[in-house]
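Worth knowing before you read on, the calculation uses all heavy atoms, side chains too, and leaves out hydrogens, waters and symmetry mates. Since the structure is predicted, the reported quantities are computational estimates derived from the model, not experimental observations.
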Amino acid sequence: MSVSITPPATQPRTGLGTRLAALSRVVELGPGRVNPTLLKESGQLLSRAGDRLKLSSDHTVVALAGGTGSGKSSLFNAVSGLELSPTGVRRPTTARTHACVWGLEGAGPLLDWLQIQWRHRFARASALDKGDSQLHGLILLDLPDHDSIRALTDREADRLIKVADLVVWVLDPQKYADAAMHTKYVAELAGHDAVTVFALNQADRLTREELAECMADLTALLKREGVASPTVVATSAITPGARTASRPCSRTRSPSAGPRSSVSKPTWSGRPATWGR
């Protein structure tokens with residue numbers, strides 16, 4: 001079994017310090033000249049960026065976000081290779097964020113900063129996770145369902161979407177145009193194309209023609225909402241028996257996107273190590 005992941009083109013951090021310094025200068029000189037709300041948001045961004053840069057640069061935090069029935073947790077389990085996060089179709093199931101880590105060194109303080117509860121941390125600790133594993137350094141988060149009552153109350157999903165290095169929106173063929181999700185999240189995240197991926201999940205339920213139609217429609221919808229160069233991929237996680245597996249499916253991306261590389265998930269054996277103090 002394998003999972004094919006198409007990561008966005010990696011941009012070097014060169015110049016990040018310069019841009020943050022410039023933003024800091026704007027915040028310093030902005031009172032009385034710049035919209036107070038914008039200044040407040042800029043100050044919060046500077047604080048988050050500063051905190052993140054102090055933590056592990058060897059790890060990339062990838063957050064899977066989505067609603068009930070999108071298959072988000074099934075996809076999380078498929079990538080991790082084991083049943084770590086509860087799944088459900090009819091009601092919000094993921095009430096707390098689950099994390100799976102490839103590469104333990106330096107990850108602890110980062111997970112503390114993300115406020116991931118200890119009982120929901122898992123680590124790939126077998127010998128297969130060492131050496132040349134292409135997933136080494138990945139911290140994969142399964143966020144609370146954005147339509148969960150509890151998630152709306154404690155804002156956990158909202159908080160982590162703002163601090164993740166990369167957000168993958170997991171959408172299903174029936175609800176990918178859900179107005180609530182697009183209004184609340186997509187429109188506000190327009191301009192963050194480089195760190196946002198849209199995964200049309202459950203692609204195995206569609207014919208080739210239906211998949212192509214849905215991908216084209218979703219891409220057009222995202223562009224209308226201000227996402228200039230949306231990265232749209234097709235994914236599928238299926239469950240034979242009691243174990244989550246996945247199968248490769250076609251991947252589609254915006255014609256304007258640059259070349260991308262495929263990362264195949266190694267085959268894991270054994271159980272994951274739960275996080276311990």
Side-chain angles (χ1 to χ4, degrees), residues 3 5-8 48-49 51-52 55-68 70-88 92-125 129 133-148 150-152 154-171 181 184-186 189 192 194-199 201 231 233 235 237 244 246 263 265 268 272-275:
V3 173
I5 302 175
T6 306
R48 292 196 302 268
D51 290 343
R52 176 65 182 93
L55 299 167
S56 175
S57 61
D58 294 326
H59 289 87
T60 300
V61 180
V62 178
L64 299 181
T68 309
S70 65
K72 170 176 58 66
S73 295
S74 295
L75 201 60
F76 175 86
N77 290 337
V79 176
S80 63
L82 288 163
E83 298 281 351
L84 302 180
S85 188
T87 61
T93 302
T94 310
R96 289 296 179 187
T97 301
H98 290 66
C100 188
V101 182
W102 285 261
L104 296 176
E105 187 174 356
L110 180 53
L111 289 167
D112 290 341
W113 179 68
L114 293 170
Q115 299 177 35
I116 307 300
Q117 295 181 359
W118 282 86
R119 66 177 179 273
H120 294 149
R121 301 181 186 185
F122 302 90
R124 298 299 329 201
D129 301 336
S133 170
Q134 295 184 73
L135 294 183
H136 185 80
L138 171 64
I139 296 181
L140 186 65
L141 305 181
D142 181 16
L143 302 187
D145 304 326
H146 73 74
D147 50 3
S148 166
R150 185 171 184 178
L152 292 174
D154 62 21
R155 315 297 289 180
E156 184 169 328
D158 294 2
R159 175 178 60 81
L160 289 169
I161 286 170
K162 292 179 181 178
V163 298
D165 299 322
L166 175 72
V167 177
V168 179
W169 282 99
V170 182
L171 311 170
M181 188 275 290
K184 183 177 180 181
Y185 295 107
V186 177
L189 291 174
H192 296 77
V195 291
T196 308
V197 173
F198 299 90
N201 200 26
T231 298
V233 299
T235 57
T244 298
S246 67
V263 180
K265 185 184 80 65
W268 306 109
T274 54
W275 209 276

Could you go through the side chain to side chain donor-acceptor pair (under 3.5 Å) check for T235 and N201 one step at a time? CA-CA 5 Å; T235 57; N201 200 26; 2.9 Å; yes
So V101 and F122, side-chain contact (heavy atoms from CB on, under 4.5 Å) or not? Walk me through it. CA-CA 6 Å; V101 182; F122 302 90; over 6 Å; no
Non-hydrogen atoms of K72 and L64 that approach each other most closely: CD-O, 3.2 Å
In sequence, state the C-alpha distance, the side-chain angles, and the governing distance for V79 and W102, and then conclude on side-chain contact (heavy atoms from CB on, under 4.5 Å). CA-CA 11 Å; V79 176; W102 285 261; 4.2 Å; yes
How are the rings of Y185 and W169 set relative to one another: parallel (under 30°), tilted (30 to 60°) or perpendicular (over 60°)? tilted
Candidate pair V61 and L166, rule side-chain contact (heavy atoms from CB on, under 4.5 Å), full reasoning: CA-CA 6 Å; V61 180; L166 175 72; over 6 Å; no
Where do A78 and A237 come nearest, in terms of heavy atoms and distance? CB-CB, 4.0 Å
Do L55 and P109 make a side-chain contact, defined as non-hydrogen atoms from C-beta onward lying under 4.5 Å apart? yes
So which heavy atom on A99 is nearest to which on I116, and how close? CB-CG2, 3.9 Å
In short, V170 meets G71 closest at the heavy-atom pair CG1-C, 4.3 Å
Salt bridge or not for D112 and R121, using N-O below 4.0 Å? yes
State, with a plain yes or no, whether a side-chain heavy atom of L160 is found less than 4.5 Å away from one of T97. yes
Would you please test R52 and W113 for side-chain contact (heavy atoms from CB on, under 4.5 Å) and show each step? CA-CA 8 Å; R52 176 65 182 93; W113 179 68; 3.7 Å; yes
Is there side-chain contact between L138 and V62, with heavy atoms separated by less than 4.5 Å? yes
Indicate yes or no: at least one non-hydrogen side-chain atom of R159 is less than 4.5 angstrom from one of Q115. yes
